[in-house]
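Structure first, commentary second.
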Amino acid sequence: MSNFDIDFPPWINYGNADKEVSSKMDDLTTREWSPFNGQKMANVFIFCMAYGFAKHMKPVKPPGSGSMPGSAFDAGMRDKMKFVAIAEKKDLEVATQANETVKICEGYAYAAISEVYEEIANSDSSIPPEIRIEKLIQEISS
């Protein structure tokens, strides 16, 4: 059994040093049109990470340093992060390397956040937020 959760970094970087990304993250968690309205930034991070990975985006190292506490990520989220890292590296051992796993996931989340934001924010305003996110999920599922 891995001690991944014990070694999980205290801070996760989604790229808040990039003022545009920081503003988008804020909008996604506070605006009525967003399916993430009222949710934790960690939920947006996990969705963007999965979206970027599923769309085969090239991971991009986010600028700045950690901006979300590692404690914002529950065990299920951490498992999803491990799955992405394992699939990226094609190596089970990466799941025991918390810093490497997080670095991979930060890259995918940062690479995808602007596209996720644009798809959600620029959708027809008559479309309910739940349908906006469902459209993105269907896009990466097919």
Side-chain angles (χ1 to χ4, degrees), residues 2-91 93-142:
S2 153
N3 65 351
F4 181 81
D5 289 325
I6 294 167
D7 293 338
F8 199 76
W11 295 99
I12 309 302
N13 186 6
Y14 69 86
N16 75 322
D18 178 333
K19 297 299 182 200
E20 187 176 324
V21 166
S22 183
S23 176
K24 288 176 181 179
M25 179 67 89
D26 186 53
D27 281 355
L28 286 169
T29 58
T30 61
R31 299 294 204 94
E32 281 186 21
W33 49 257
S34 174
F36 298 104
N37 183 26
Q39 295 187 31
K40 301 185 305 183
M41 288 182 178
N43 292 4
V44 177
F45 178 95
I46 293 296
F47 184 84
C48 290
M49 171 203 72
Y51 183 86
F53 179 77
K55 287 203 67 176
H56 306 286
M57 293 179 165
K58 182 179 182 193
V60 178
K61 183 182 186 325
S65 59
S67 49
M68 267 190 296
S71 61
F73 295 82
D74 63 31
M77 292 172 163
R78 293 175 185 199
D79 286 343
K80 289 171 182 64
M81 293 170 80
K82 287 191 253 184
F83 298 146
V84 165
I86 289 167
E88 169 69 17
K89 290 291 187 178
K90 296 176 182 36
D91 180 7
E93 279 300 307
V94 75
T96 65
Q97 301 162 7
N99 289 331
E100 180 65 18
T101 293
V102 168
K103 185 172 95 176
I104 291 165
C105 296
E106 288 172 340
Y108 278 115
Y110 184 70
I113 191 166
S114 289
E115 185 171 321
V116 167
Y117 177 86
E118 296 304 323
E119 291 288 332
I120 292 172
N122 295 324
S123 294
D124 179 347
S125 62
S126 67
I127 298 173
E130 303 78 34
I131 303 299
R132 293 176 190 204
I133 196 89
E134 189 62 38
K135 179 182 171 195
L136 288 174
I137 292 169
Q138 288 175 357
E139 178 185 322
I140 60 176
S141 298
S142 50

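Start at 1 with the first residue, then count along the sequence.
The salt bridge (charged side-chain N to carboxylate O under 4.0 Å, His left out) pairs that include a residue from residues 96-111 are Lys89-Glu100, Glu100-Lys103, where partners are two or more places apart or lie in different chains. Among pairs with a residue in residues 129-142, those fulfilling salt bridge (charged side-chain N to carboxylate O under 4.0 Å, His left out) read Lys55-Glu139, at least two apart in sequence or across chains.
Every residue meeting the ring-ring contact (aromatic ring centres under 6.0 Å, His included) condition with Trp33, not counting sequence neighbours, appears here in chain and number order: Tyr117. For Tyr14, there are no ring-ring contact (aromatic ring centres under 6.0 Å, His included) partners two or more places apart in sequence or in a different chain. For Asp27, the salt bridge (Lys or Arg N to Asp or Glu O under 4.0 Å) test picks out Arg31, with sequence neighbours left out. Residues forming a side-chain hydrogen bond (donor to acceptor under 3.5 Å, both in side chains) with Ser126 (at least two apart in sequence, or on another chain): Asp124.
Side-chain atoms of Lys80 never come within 3.5 Å of backbone atoms of Ile46 as a donor-acceptor pair (strictly under, hydrogens ignored). Panel note: side chain Ser23, backbone Lys19; no donor-acceptor pair is recorded below 3.5 Å.
In this structure, CD1 in Ile120 is found 5.5 Å from OG in Ser34, a value given to the nearest 0.5 Å. Put simply, CD on Glu88 and CD1 on Ile86 are 12.0 Å apart, with the number rounded to the nearest 0.5 Å. Expressed to the nearest 0.5 Å, how far OH of Tyr110 lies from CE of Met25 amounts to 11.5 Å.
Asn43 has its side chain out of reach of Phe47: every pair of non-hydrogen atoms, C-beta onward, lies at least 4.5 Å apart. Between Trp11 and Ser67, every side-chain heavy-atom pair lies at or beyond the 4.5 Å cut-off.
With a 6.0 Å radius and a threshold of 12 heavy atoms from other residues, nucleotides or ligands, Glu118 has its CD atom above the threshold.
Taking every heavy atom of both residues into account, Ala112 and Tyr51 meet most closely at CB-CD2, 4.0 Å.
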